[in-house]
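Please read the structure below before turning to the comments.
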Amino acid sequence: MLLHCSFYPPYWDQMELPWYKALAMDEVRSVPVIQVNDSEEKLSVSGKDFEYIFSKKTGQLTSVKYKGKELIREGARLSVWRAPLANDLDNWATWGANLMPRKPDMGTFPAGSWYTYRLDQLNFKLDRFTVKYQDPGRVSIEINDHAEGADYTTAFDNHYLYSIDGTGELTIDHTVTPQGKMPLWLPKIGLQWIMDNSLDRVTWYGRGPFETYPDRKTGAKIDVYSKTVQEMAESYLVPQDYGCRTDNRWVRVETADGTGLQFSGSNLFNFSAQLHSTDNMSRARYPYQLQPMEGYTFNFDYATSGVGCTAISVLDKYRVVPQEYHYIMQVKPYRK
């Protein structure tokens, strides 16, 4: 719970008031039965109103349906890359960024180190896919994969434990471990989804209503905000990552009729909803080079590096360092 304090405009502050709600006995309900269909190429987990489909070739969640409506185009996949910010491409910040090495053909700007390690072109390979636990009201799927960077000397090991219960709620327990050669710091770390275009209404409980980054957020109040994906777009002269919202408790993406997905997690998280693919924004140098895509990009980030300042780069405490990260995400389909 947050307390808003207003003294004399425009001064304001917010304080956290810790609280909890005890679960009453009458709130404990039986969980509906689920069905599991396992074939050579895919695994389907379904209930009364929902269906999740996993590819057994890639380990990826390929479909989420609720009341017959397809909600995603591509499921969660590790993302450590963002379209470089203008400051990431500014040679003035090269020394301050302390990002090495940078191959000459990758540029002398700070982001050249990330390109050198091929963080923008990770190659994913499935290592293991196992149905770990199953009972009438819940199934757990264990998935291991790894994402390879440059020359197979840079990699990220991923361990996912997907748990689905009879209500359709999905829990993703994710541990990512960097391996091999790494830059001093990363653009971000989290999971990226591609949502269906119809889920174009976004409501979140976090900082807003404008975009914020870890080192550019203290002027944004924590509240409940709503915008469309189109309204969250930022028209920068140089195409780059945009629209990050920080310090979130939950975020919902939904259709005009109120069908959607709610995301929450074990800790505060950052998210963005972007009209273009990350690859397109990374390659484009002018706005006219931005191309529409099927669906839109939804980034759920456990940690995000700041934006820094010209010639100064991002301060150390706002950098995402390459270390093991563990995060638990909850995804709940719904219809209002």
Side-chain angles (χ1 to χ4, degrees), residues 31-32 34-36 42-55 58-79 129 131-133 137-143 145 158-176 189-206 224 229 245 248-255 257-274 295-303 325-336:
V31 179
I34 57 177
Q35 295 181 342
V36 177
K42 68 180 183 180
L43 177 77
S44 170
V45 180
S46 59
K48 177 183 177 183
D49 296 316
F50 68 89
E51 182 182 30
Y52 293 92
I53 297 178
F54 294 84
S55 168
T58 66
Q60 212 169 349
L61 183 61
T62 60
S63 174
V64 176
K65 290 182 179 178
Y66 188 69
K67 293 186 180 293
K69 167 67 178 173
E70 180 62 70
L71 303 179
I72 71 167
R73 289 187 171 271
E74 188 175 311
R77 172 165 280 182
L78 173 72
S79 176
F129 187 106
V131 178
K132 187 174 182 181
Y133 175 78
R138 179 178 297 274
V139 63
S140 295
I141 304 130
E142 186 174 23
I143 298 171
D145 72 19
N158 293 288
H159 175 266
Y160 301 94
L161 185 62
Y162 288 84
S163 296
I164 304 168
D165 70 22
T167 68
E169 183 167 339
L170 167 69
T171 300
I172 306 175
D173 188 322
H174 178 209
T175 300
V176 53
I189 198 153
L191 295 178
Q192 185 174 93
W193 304 64
I194 305 300
M195 296 295 174
D196 189 84
N197 272 329
S198 62
L199 278 75
D200 62 349
R201 290 157 172 78
V202 185
T203 302
W204 72 98
Y205 179 19
V224 177
V229 175
R245 266 64 177 182
N248 296 284
R249 278 72 172 170
W250 52 258
V251 58
R252 297 171 184 153
V253 294
E254 65 182 38
T255 64
D257 68 358
T259 302
L261 293 170
Q262 175 174 296
F263 295 82
S264 57
S266 52
N267 295 297
L268 298 181
F269 62 90
N270 308 323
F271 84 91
S272 59
Q274 300 168 338
Y296 67 86
T297 302
F298 178 78
N299 297 296
F300 186 107
D301 296 331
Y302 315 150
Y325 288 85
H326 176 237
Y327 197 90
I328 300 175
M329 173 196 296
Q330 286 85 35
V331 184
K332 186 174 181 61
Y334 66 87
R335 177 174 290 177
K336 292 180 177 177

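We number each residue from 1, following the sequence as shown.
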Nearest heavy-atom neighbours spanning [X] and [Y]:
X	Y	answer
Asn248	Asn270	ND2-CA, 3.9 Å
Ala273	Tyr296	CB-CE1, 3.9 Å
Ile34	Gly137	CD1-C, 4.0 Å
Ser140	Leu161	CB-CD1, 4.2 Å
Pro333	Leu71	CB-CD1, 4.5 Å
Leu170	Tyr52	CB-OH, 3.7 Å

Centroid separation Tyr160 to Phe54 less than 6.0 Å:
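Centroid distance Tyr160-Phe54: not below 6.0 Å, so no.
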
Centres of the Tyr325 and Tyr302 rings: under 6.0 Å?
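Judged by ring-centre distance (under 6.0 Å), Tyr325 and Tyr302 do not meet the cut-off.
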
Taking the side chain as every heavy atom from C-beta outward, state whether [X] and [Y] have any atom pair closer than 4.5 Å.
X	Y	value
Ile172	Leu61	no
Asn299	Phe269	no
Val331	Val64	no
Thr175	Asn158	no
Leu268	Arg249	yes

What do the steps show when you test Leu191 against Met329 for side chain to side chain contact (heavy atoms under 4.5 Å, CB included), and what is the final call?
CA-CA 10 Å; Leu191 295 178; Met329 173 196 296; 3.9 Å; yes

Kindly compute the distance separating [atom1] ([X]) from [atom2] ([Y]), expressed to the nearest 0.5 Å.
X	Y	atom1	atom2	value
Ser266	Gln330	OG	CD	7.0 Å
Ile328	Asn267	CD1	CG	9.0 Å
Ile164	Arg138	CD1	CZ	9.5 Å

Crowding at CD, Glu70 (>12 non-hydrogen neighbours, <6.0 Å):
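More than 12 heavy atoms, drawn from other residues, nucleotides or ligands, come within 6.0 Å of this atom.
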
Which residues satisfy the side chain to side chain donor-acceptor pair (under 3.5 Å) test with Tyr334, sequence neighbours excluded?
Glu254

Sequence neighbours left out, what passes ring pair (Phe, Tyr, Trp, His ring centres under 6.0 Å) with [X]? Give chain and number order.
X	value
Tyr66	none
Phe263	Trp193, Phe298
Phe129	none

Is it the case that the side chains of [Y] and [X] hold a donor-acceptor pair, with the cut-off being a distance below 3.5 Å and no angle test?
X	Y	value
Gln262	Arg252	yes
Asp173	His159	no
Glu51	Ser44	yes

Give me the one residue out of Ile143, Val131, Thr171 that meets side-chain contact (heavy atoms from CB on, under 4.5 Å) with Tyr162.
Ile143

Pairs involving residues 259-274, ordered by first then second residue, that meet salt bridge (Lys or Arg N to Asp or Glu O under 4.0 Å) (sequence neighbours left out):
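Pairs touching residues 259-274 that pass the test: none.
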
Applying side chain to side chain contact (heavy atoms under 4.5 Å, CB included), can you list everything that pairs with Asp196, at least two apart in sequence or on another chain?
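Once residues adjacent in sequence are excluded, the partners of Asp196 under the side chain to side chain contact (heavy atoms under 4.5 Å, CB included) criterion are Lys69, Arg73, Ser198, Leu199.
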
For Arg77 and Asp145, run side chain to side chain contact (heavy atoms under 4.5 Å, CB included): C-alpha distance rounded to whole Å, both residues' side-chain angles, the deciding distance at 0.1 Å, then the answer.
CA-CA 10 Å; Arg77 172 165 280 182; Asp145 72 19; 5.7 Å; no

Looking at Asp257 and Thr259, would you say the former's side chain and the latter's main chain have a donor-acceptor pair under 3.5 Å?
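Answer holds: yes.
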
For Gln60, does its backbone N or O pair with a side-chain atom of Ser55 as donor and acceptor, under 3.5 Å?
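Checked: no pair found.
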
Salt bridge (Lys or Arg N to Asp or Glu O under 4.0 Å), paired with Asp49, selected from Lys67, Lys65, Lys332
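Result: among Lys67, Lys65, Lys332, Lys67 is the only option passing the salt bridge (Lys or Arg N to Asp or Glu O under 4.0 Å) with Asp49.
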
